[in-house]
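Read the structure below first, then the notes.
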2 protein chains.
Amino acid sequence: MPHEHDHSHDPCHHDHSHDHIHTHSVPNTKDKFLDRLKEQGFKLTGKRRSIVEILLEEDRYISAKDLLERLKAQFPRLSFDTVYRNLHLLKEERLIEESVFGDGGSKFRIACDTNHHHHHFICTVCGKTQLVAGCPMDALQLEAPTGFHIETHRFEIFGHCANCCQSASAR
Amino acid sequence: MPHEHDHSHDPCHHDHSHDHIHTHSVPNTKDKFLDRLKEQGFKLTGKRRSIVEILLEEDRYISAKDLLERLKAQFPRLSFDTVYRNLHLLKEERLIEESVFGDGGSKFRIACDTNHHHHHFICTVCGKTQLVAGCPMDALQLEAPTGFHIETHRFEIFGHCANCCQSASAR
DNA sequence: ATCAATGCAAACCTTTTGCACGCGT
DNA sequence: ACGCGTGCAAAAGGTTTGCATTGAT
């Protein structure tokens with residue numbers, strides 16, 4: 001199982017520019033993501049590449065369904081199972097972020113920053129996000145209830161982004 | 001449709017103590033909830049009563065499934081559809097709160113306070129909650145991205161409550 | 001008597017799983 | 001050649017809906 005490779009990161013790693021150059025090309029970032037997978041011993045299949053590429057291009061929260069739809073153009077026989085399997089893999093490798101939305105459905109976006117803890121403004125129309133400055137766990141000087149052991153927290157601000165506000169008023 | 005009754009609240013409303021007195025009786029609160037439904041023109045069926053009662057007794061986040069299970073004792077032929085229909089109704093009337101948990105499943109709890117905005121510490125084991133003092137939207141002096149129109153936010157702190165910490169270490 | 005509430009069954013949607021085959025390494 | 005990755009099909013959850021019946025008012 002490739003998952004079990006050690007997580008020490010290769011300090012001497014350069015970005016190689018090769019194949020698959022896209023319109024909205026994201027210079028080295030893409031390779032950084034793919035290399036990370038390779039380091040971990042995962043195979044770089046065309047589908048896996050494309051999922052990373054699309055998520056990078058989109059740069060917003062997107063559902064498995066929408067993602068599959070985009071991928072179908074390239075891989076007509078692709079189905080949900082593979083998409084989910086890859087999304088789970090990418091999430092475990094911390095290359096993407098998942099958020100469960102109000103309707104109970106999950107959406108995924110490329111990791112904004114693999115190192116820093118952060119929260120998002122999220123546009124409920126298009127899924128675009130923007131970073132929130134600060135974290136409530138620091139800002140609120142809260143003391144946990146006696147004996148309560150904090151594991152995680154969730155903080156998200158939902159609304160319409162500038163673009164989607166426009167289109168809404170232009171209606 | 002009773003839903004369409006006006007939402008002006010009756011200023012002169014007293015709690016009547018009648019039928020259905022329970023072990024963990026929650027004095028007037030229960031009637032307050034039921035009266036609210038009656039005011040809105042909804043029928044007070046046995047099932048609806050019981051759902052409110054159970055949610056009041058539990059006083060924690062509980063899944064539709066767990067709720068159904070508890071109700072089955074009293075109403076063996078009760079099924080999910082009715083539970084969900086009632087949960088939706090209660091949510092619309094703001095008598096209960098819903099939260100989508102990490103696994104994508106919804107859980108419900110009796111409304112803590114119909115008037116005040118609040119956030120929760122939530123025990124991921126038993127669902128018990130405790131109020132968080134303050135709201136990140138106030139604490140963080142954040143300015144929304146230009147043109148971003150904030151609609152809602154979500155802030156929840158997950159972990160193990162004192163009780164569930166104990167049982168875990170007692171293992 | 002009326003109309004909301006319920007039971008039943010079935011549909012729906014998202015996500016997951018088993019298994020045999022295909023493909024990246 | 002090895003073993004992960006994939007397609008297919010099917011199952012699994014959780015939630016919703018249509019319709020006829022029951023029941024609260």
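Because the structure is a prediction, the values reported are computed rather than measured. Computed from heavy atoms alone, side chains included, the values below leave out hydrogens, waters and symmetry copies. To find a chain, count down the sequence lines: A is the first, B the second, and so on, and within it residues start at 1.
- Side-chain proximity of R48(A) to the nucleotides dT6(D), dT14(C), dT16(D) is greatest for dT6(D).
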- [ ] For the pair E98(B) and K107(B), evaluate salt bridge (charged side-chain N to carboxylate O under 4.0 Å, His left out) and give the outcome as yes or no after the intermediate values.
- [x] CA-CA 6 Å; E98(B) 177 181 8; K107(B) 298 197 180 187; over 6 Å; no
Return the polar atom pairs (N/O with N/O) between nucleotides 17-22 of chain C and the protein under 3.5 Å, or none.
{"from": "dG18(C)", "atom 1": "O6", "to": "R85(A)", "atom 2": "NH1", "distance (Å)": "3.4"}

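- Atom CG in N86(B) sits about 11 Å away from atom C1' in dA4(C), given to the nearest Å.
- Qualifying side chain to side chain contact (heavy atoms under 4.5 Å, CB included) partners for A133(A), counting only residues two or more places apart in sequence or in other chains: none.
- With rounding to whole Å, E39(B) atom CD is found 15 Å from dT25(D) atom P.
- Residue T45(A) places at least one side-chain N or O closer than 4.0 Å to OP1 or OP2 of dT6(D).
- Nucleotides of DNA chain D nearest to L44(B) and G104(B) differ in position, and the one nearer the 5' end is that of G104(B).
- Rounded to a whole Å, the CZ atom of F42(A) is 17 Å from the C1' atom of dC23(C).
- Between the CG atom of L34(A) and the C1' atom of dT25(C) there is a distance of 16 Å, given to the nearest Å.
- Distances were taken from every side-chain heavy atom of K65(B) (C-beta onward) to each of dG7(C), dT6(D), dG14(D); the shortest belongs to dG14(D).
- If you measure from atom CG of L90(B) to atom P of dA5(C), you get 11 Å, rounded to the nearest angstrom.
- Scanning for side chain to side chain contact (heavy atoms under 4.5 Å, CB included) contacts around V100(B) gives V100(A), S106(B), with sequence neighbours left out.
- With sequence neighbours left out, R48(A) forms a side chain to side chain donor-acceptor pair (under 3.5 Å) with N86(A).
- Atom NZ of K91(A) is separated from atom C1' of dT16(C) by 15 Å (rounded to the nearest Å).
- Side-chain N/O atoms of T82(A) include one lying less than 4.0 angstrom from OP1 or OP2 on dG7(D).
- One distance of note links CG of L34(A) with CZ of R49(A); it measures 6.0 Å at 0.5 Å rounding.
- Looking at heavy-atom distances under 4.0 Å, S63(A) makes no contact with the nucleic acid at all.
- The listed nucleotides are dT6(C), dT25(D), dT16(D); the one nearest the side chain of F80(B) is dT16(D).
- The phosphate of dG7(C) (OP1 or OP2) has a side-chain N or O of K47(B) nearer than 4.0 angstrom.
- Grouping Ile, Leu, Val, Met, Phe, Trp and Tyr by side-chain contacts under 4.5 Å, direct or through others, puts M137(B) with F121(A), V132(A), M137(A), L140(A), L142(A), F148(A), I150(A), F155(A), I157(A), F121(B), V132(B), L140(B), L142(B), F148(B), I150(B), F155(B), I157(B).
- Atom pair R77(B):CZ and dC8(C):C1' shows a separation of 9 Å (rounding to whole Å applied).
- For R154(B), the side chain to side chain donor-acceptor pair (under 3.5 Å) partners two or more places apart in sequence, or in a different chain, are E156(A).
- For the pair D66(A) CG and dC13(C) P, the computed distance is 14 Å after rounding to whole Å.
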